[in-house]
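Note that these values count all heavy atoms, side chains included, but never hydrogens, waters or copies made by symmetry.
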Amino acid sequence: MSVLRVGNASGFYGDRFDAMREMLTGGPLDVLTGDYLAELTMLILGRDRLKDPGAGYARTFLRQLEECLGLARERGVRIVTNAGGLNPAGLADAVRVLADRLGIPVRVAHVEGDDLTAAHPGALAAHAYLGGFGIAECLRAGADVVVTGRVTDAALVTGPAAAHFGWGPTEYDRLAGAVVAGHVLECGAQATGGNYSFFQDGDVRRPGFPLAELHADGTSVVTKHDGTGGFVDVGTVTAQLLYETHGARYAGPDVTARLDTVRLSQDGPDRVRVEGVRGEAPPPTLKVGLNRLGGFRNEVAFVLTGLDVEAKAALVRAQLEPVLGRVADVRWDLARTDRPDAATEETASALLRLVVRDADQQVVGRALSGAAVELALAGYPGFHVLAPPGKGAPYGVFDALHVHRNTVDHVAVRHDGRRVPVPDVQDTAVLRAVPEPPLPRPLPPGPVRRAPLGLVAGARSGDKGGDANVGVWARTDDAWRWLAHELTADRFRELIPEARDLPVVRHPLPNLRALNFVVEGILGEGVAAQARFDPQAKALGEWLRARHLDIPEALL
């Protein structure tokens with residue numbers, strides 16, 4: 001059968017608004033996907049639904065569609081999106097209303113069954129991660145637009161691929177190939193040079209969005225429309241493959257993809273071939289993302305300028321101690337951004353950050369903000385803050401749990417209103433770690449130089465609940481021979497002091513010349529709780545690249 005060209009126009013709720021139009025007008029496509037959901041987004045949509053039971057979906061998608069629905073219809077491009085969030089039926093109805101108003105005849109379907117909130121009292125939102133076969137059912141029945149709730153990000157690609165090529169639920173290698181392609185596409189411009197360690201290799205001022213040319217055997221080519229910004233090479237695809245993954249087995253509701261079997265090769269300018277992907281039966285359980293309100297938080301950053309920074313910080317803490325004694329969770333962090341004999345006031349200043357959390361908004365709100373402001377004329381010399389503290393804002397907590405697959409009703413609601421139950425898979429396999437793969441032989445001894453790791457390795461990091469992952473890859477075979485032996489879990493802990501007392505698991509992926517580290521618990525209760533300076537661990541990999549090691553001179 002023909003190649004299926006699947007593009008992406010959104011990597012998160014708030015991504016580039018014009019991307020949908022750019023993808024529809026930039027070149028040929030069969031399917032255009034949009035990923036709008038993340039752990040934090042589900043919390044935001046849950047709060048929206050508290051205010052308005054008819055809300056709970058990504059409104060940006062509707063505004064984009066108002067400009068682009070006619071274009072998609074004219075060009076024969078089908079649209080598949082998880083913008084339905086907590087209310088896919090509501091968004092599907094809104095799309096129909098929009099289409100009627102515009103006079104554009106389109107068939108709109110949706111997928112539901114992921115919402116398990118009623119089974120979890122106290123949760124703001126609890127949603128199972130569904131696979132792609134509900135999407136496939138809607139497309140096979142003729143839908144032009146398919147709206148889902150919480151499916152896996154890769155399901156936006158596996159669904160169209162299964163529908164187009166007629167794949168069944170046990171064609172694991174083909175499905176796994178589509179999962180890998182979907183994982184590369186899901187974050188939009190991160191596959192075309194965005195957030196890329198070696199961004200200076202190309203012009204990334206305005207990266208284009210990616211697309212994948214999928215084949216019936218599950219292989220694909222990742223590329224982008226001609227003339228768009230950014231670039232696609234083995235490095236950009238490797239970086240995205242490592243993003244927010246754990247071990248060699250990448251489990252999903254349709255298939256477990258073996259990331260240790262992925263082979264990447266440059267297939268021409270801005271073209272990367274993805275092949276060799278093996279798949280296995282999916283696990284017997286489905287992941288459920290559970291969001292709840294954790295209480296209220298407040299924050300203030302004190303600016304400490306010039307001399308006696310440590311003593312100034314101690315004075316602030318002592319002055320606020322009587323007020324903070326009633327707060328459930330108090331965290332102080334002193335960032336020594338100051339320099340001696342600095343040429344500017346800003347570079348002569350350090351930041352003392354105070355974050356407080358409590359179930360009582362009053363405790364972290366007016367009581368704290370009043371006490372902090374009262375120090376304006378009674379504190380350390382040079383007292384000022386980056387911004388006045390507020391009244392205390394609610395924060396969320398994310399938990400991941402797993403439920404047996406037979407407790408979730410996956411339903412495709414076709415464009416004609418017919419509800420079709422999506423059969424569950426017959427075969428499953430409990431997820432287990434793969435054996436440690438053989439490592440390349442070490443480099444021979446030679447002279448070394450103290451230098452940043454990032455001179456020879458790239459990295460990309462992200463969050464999964466309270467954990468963070470850091471994928472690190474080498475650009476050459478010799479650099480991989482050194483990296484595989486040098487960057488152990490213990491060395492990682494030495495380089496990242498925050499991880500010294502935490503479990504760190506290392507997963508080698510030799511085909512990608514990569515190591516994937518999972519740091520358990522470094523993000524506390526997840527991104528919505530904002531427990532650390534970089535709550536989503538987005539820059540954790542770049543911090544690691546900036547740390548110095550003894551690197552063989554032959555690599556520099």
Side-chain angles (χ1 to χ4, degrees), residues 1-8 29-35 76-82 84 88 107 109-114 128-186 211-222 250-258 274-275 277-283 286 405 408-415 418 420-428:
M1 298 181 73
S2 61
V3 171
L4 180 70
R5 292 173 63 89
V6 181
N8 170 281
L29 280 180
D30 300 303
V31 178
L32 183 59
T33 66
D35 179 11
V77 179
R78 300 164 108 177
I79 295 175
V80 179
T81 179
N82 61 16
R107 293 163 293 192
H110 74 275
V111 177
E112 59 185 44
D114 59 300
Y129 288 69
L130 302 180
F133 279 96
I135 296 170
E137 172 63 31
C138 293
L139 291 171
R140 288 190 187 116
D144 302 303
V145 178
V146 181
V147 173
T148 78
R150 180 70 282 187
V151 297
T152 64
D153 300 339
L156 301 177
V157 173
T158 59
H164 182 78
F165 296 116
W167 294 340
T170 59
E171 297 187 67
Y172 298 133
D173 290 349
R174 292 177 172 88
L175 288 167
V179 164
V180 168
H183 182 60
V184 173
L185 296 189
E186 70 184 56
L211 62 94
E213 300 169 354
L214 286 131
H215 298 265
D217 61 357
T219 62
S220 64
V221 173
V222 177
Y250 185 55
D254 296 324
V255 64
T256 294
R258 290 288 298 263
V274 184
E275 56 192 346
V277 188
R278 304 300 302 273
E280 301 170 342
L286 295 178
R405 306 178 68 100
V408 178
D409 296 321
H410 188 176
V411 178
V413 184
R414 293 178 174 179
H415 66 276
R418 182 182 169 193
V420 180
V422 179
D424 196 13
V425 298
Q426 297 300 307
D427 299 323
T428 62

Donor-acceptor pair, side chain of [X] and main chain of [Y], under 3.5 angstrom:
X: Thr81; Y: Thr33; value: no
X: Asp144; Y: Arg107; value: yes
X: Asp114; Y: Leu130; value: no
X: Trp167; Y: Gly159; value: no
X: Arg140; Y: Gly166; value: no
X: Asn8; Y: Leu185; value: yes

Partners passing salt bridge (charged side-chain N to carboxylate O under 4.0 Å, His left out) against Arg414 (at least two apart in sequence or in another chain):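 Glu137.
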Pair Asp35-Asn82, side chain to side chain contact (heavy atoms under 4.5 Å, CB included): steps then yes or no: CA-CA 6 Å; Asp35 179 11; Asn82 61 16; 2.8 Å; yes
Restricting to side chain to side chain contact (heavy atoms under 4.5 Å, CB included), what partner residues turn up for Leu211, sequence neighbours left out?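 If we apply the side chain to side chain contact (heavy atoms under 4.5 Å, CB included) test to Leu211, skipping adjacent residues, the hits are Arg5, Met23, Leu29, Glu213, Thr223, His225.
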Test side chain to side chain contact (heavy atoms under 4.5 Å, CB included) applied to Pro160 - qualifying residues, sequence neighbours left out: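 Applying side chain to side chain contact (heavy atoms under 4.5 Å, CB included) to Pro160 gives Leu4, Val31, Val80, Ile135, Leu139.
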Within residues 152-162 or reaching into it, pairs that qualify as side-chain hydrogen bond (donor to acceptor under 3.5 Å, both in side chains) - sequence neighbours excluded: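 The answer is Arg150-Asp153.
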On a heavy-atom basis, which atom in [X] and which in [Y] lie closest, and how many Å separate them?
X: Ala109; Y: His415; answer: CB-N, 3.7 Å
X: Val255; Y: Glu280; answer: CG2-O, 3.2 Å
X: Val180; Y: Ala257; answer: CG2-CB, 4.5 Å
X: Tyr250; Y: His183; answer: OH-ND1, 3.3 Å
X: Ala181; Y: Ala212; answer: CB-CB, 4.3 Å

Listed partners of Tyr172 passing side-chain hydrogen bond (donor to acceptor under 3.5 Å, both in side chains), at least two apart: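 None.
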How about Val111 and Val146: do any of their side-chain heavy atoms sit closer than 4.5 Å?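 The answer is yes; the side chains approach within 4.5 Å.
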Could you check if a side-chain atom of Pro282 sits within less than 4.5 angstrom of a side-chain atom of Asp254, using non-hydrogen atoms only?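 In short, these two side chains do not touch, never coming nearer than 4.5 Å.
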Salt bridge (Lys or Arg N to Asp or Glu O under 4.0 Å) partners of residues 155-172, not counting sequence neighbours, each pair once: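 Counting only pairs at least two positions apart or across chains, the salt bridge (Lys or Arg N to Asp or Glu O under 4.0 Å) contacts touching residues 155-172 are Glu171-Arg174.
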Say you draw a straight line from OG1 of Thr256 to CZ of Arg278; how long is it, rounded to the nearest 0.5 Å?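 With rounding to 0.5 Å, OG1 (Thr256) is 13.5 Å from CZ (Arg278).
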Is the distance between the ring centroids of Phe133 and His410 less than 6.0 Å?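 So the answer is no for these two rings.
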For Val413 and Glu112, what are the C-alpha separation, side-chain angles and deciding distance, and is it a side chain to side chain contact (heavy atoms under 4.5 Å, CB included)? CA-CA 8 Å; Val413 184; Glu112 59 185 44; 4.0 Å; yes
